[in-house]
Amino acid sequence: MALVIAIDGPAAAGKGTLAKRLAAHYALPHLDTGLLYRAVGRLARERGVDLDDPGAAGAVARDLVPSHLDDGSLRGHEAGELASRVAAHPPVRRALDAFQRAFAAQPGGAVLDGRDIGTVICPDAPVKLFVTASPEVRARRRTDELLAKGRPVDYETILTEVRERDRRDAGRSVAPLKPAEDARLLDTSELDIEEAFRAACAIIDALPR
């Protein structure tokens, strides 16, 4: 059986870092699905496509290839704004859902992290982890990360943003953020990355092969 590891969870819970560690440990390809909409938005702008045109944006999404995700600036604010404009289009979502399912179908498996991997993209994945942490811990991590990059930020402002993002993710009509019924919960509030990694490996290694 292919080892597909589906990792979901809210922002700043540590799922991305954990996904990279697990992919390296089990020698699997890794997809940070949060970059997909950002890459489509960036690519659409570069091609002069109207980001508010569902059909045109969908065509860009269908052209997406993994190398488009390698740009480090996709994690910046500008790419996030572009992503928010294309993410509302059903043709874009359909194309990117297909992209993710194709990635997960690689021989041997893959690691995917996002917000609807275990519930929508890979409901039959043998490993489903829902990585979470308290809003206060996630806000502190995000604040520390931005301060380390030299960006002036306020913890209370970040905390408000985290709670608002949680509210939007859980309340959206399409693919709301929630654990799959058979997902294993991994709360990292009191765990560092090494402890979270060991806990995830214990879950995965206990699976029948």
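Bear in mind that the values here come from a model prediction, so they are computed numbers and not experimental data.
- Annotation: the span from D169 atom CG to E164 atom CD amounts to 10.0 Å, rounded to 0.5 Å.
- Heavy atoms only, all atoms of each residue included: P10 and R115 are closest at C-NH2, 3.9 Å.
- The two residues P54 and D52 have their closest heavy-atom pair at CD-O, 3.3 Å.
- For the atom pair CG (L191) and CG (D187), the distance works out to 7.0 Å, reported to the nearest 0.5 Å.
- Between the T188 side chain and the A13 main chain, a donor and an acceptor come within less than 3.5 Å of each other.
- Y26 has its side chain out of reach of V111: every pair of non-hydrogen atoms, C-beta onward, lies at least 4.5 Å apart.
- Put simply, the side chain of I121 does not reach to within 4.5 Å of the side chain of T33, judged on heavy atoms.
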Exercise. Should T160 and E156 be marked as a side chain to side chain contact (heavy atoms under 4.5 Å, CB included) after you check the CA-CA gap, both sets of side-chain angles, and the distance that decides it?
Worked result: CA-CA 6 Å; T160 299; E156 293 297 334; 5.5 Å; no

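- For CD of E181, the number of neighbouring non-hydrogen atoms (other residues, nucleotides, ligands) closer than 6.0 Å is 12 at most.
- A salt bridge does not link R141 with E145: every distance from a Lys NZ or Arg NE/NH1/NH2 to an Asp or Glu carboxylate oxygen is 4.0 Å or more.
- Closest of all the heavy-atom pairs between P126 and A2 is CG-O, 3.6 Å.
- In plain terms, the two heavy atoms of A6 and A125 that are nearest each other are CB-CB, 4.1 Å.
- With hydrogens and angles disregarded, no donor-acceptor distance shorter than 3.5 Å links the side chain of R42 to the backbone of L82.
- L96 contributes atom CG, which lies 5.5 Å from atom CG of L36 (distance to the nearest 0.5 angstrom).
- Atom NZ in K128 sits 13.5 Å away from atom CD1 in I7 (nearest 0.5 Å).
- Counting only heavy atoms from C-beta outward, the side chains of E161 and T157 approach each other to under 4.5 Å.
- Residues V40 and F103 fall within the same hydrophobic cluster, defined by Ile, Leu, Val, Met, Phe, Trp and Tyr side chains chained together at heavy-atom separations under 4.5 Å.
- Side-chain contact between V120 and R101: present, with at least one pair of heavy atoms (C-beta onward) separated by less than 4.5 Å.
- Residues passing the salt bridge (Lys or Arg N to Asp or Glu O under 4.0 Å) test with E136 are R163, sequence neighbours excluded.
- L177 places a side-chain heavy atom less than 4.5 Å from the side chain of F130.
- R38 contributes a side-chain N or O that, together with a main-chain N or O of L74, makes up a donor-acceptor pair within less than 3.5 Å.
- Hydrophobic clustering of Ile, Leu, Val, Met, Phe, Trp and Tyr side chains at less than 4.5 Å, counting indirect connections, keeps I204 apart from L185.
- Judged by distance alone, the side chain of S134 and the main-chain N or O of V137 form a donor-acceptor pair under 3.5 Å.
- Follow the hydrophobic side-chain contacts under 4.5 Å out from I117 and you never reach L3; the two are in separate clusters.
- A heavy-atom distance below 4.5 Å is found between the side chains of R168 and R165.
- Ion pairing between a basic and an acidic side chain is recognised when a charged N comes within 4.0 Å of a carboxylate O; D8 and K15 show no such pairing.
- Checked by atom type, the side-chain pair D113/H30 shows a donor-acceptor distance below 3.5 Å.
- Residues L31 and L28 do not share a hydrophobic cluster, defined by chaining ILVMFWY side chains whose heavy atoms lie under 4.5 Å apart.
- Tracing side-chain contacts under 4.5 Å through hydrophobic residues (I, L, V, M, F, W, Y), one never reaches L146 starting from L159; they form parts of separate clusters.
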Expected list for residues 193-202: side-chain donor-acceptor pairs under 3.5 angstrom, two or more places apart:
from: E194; atom 1: OE1; to: R21; atom 2: NH2; distance (Å): 3.4
from: E194; atom 1: OE2; to: R21; atom 2: NH1; distance (Å): 2.8
from: E194; atom 1: OE2; to: R21; atom 2: NH2; distance (Å): 3.4
from: E195; atom 1: OE1; to: D192; atom 2: N; distance (Å): 2.9

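- For R45, the CZ atom counts as densely surrounded, since its 6.0 Å shell holds more than 12 non-hydrogen atoms of other residues, nucleotides or ligands.
- Across all their heavy atoms, Q100 and L112 have their closest contact at O-CD2, 3.6 Å.
- For the pair L22 and V127, the minimum side-chain heavy-atom distance is 4.5 Å or more.
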Please list every donor-acceptor pair under 3.5 Å in which a side-chain atom of residues 57-65 meets a protein atom from a residue at least two apart or in another chain.
from: D63; atom 1: OD2; to: R47; atom 2: NH1; distance (Å): 3.0

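- Contact between S84 and E81 at its shortest, heavy atoms only, is OG-O, 2.7 Å.
- The side-chain heavy atoms of L69 and D32, taken from C-beta on, include no pair separated by under 4.5 Å.
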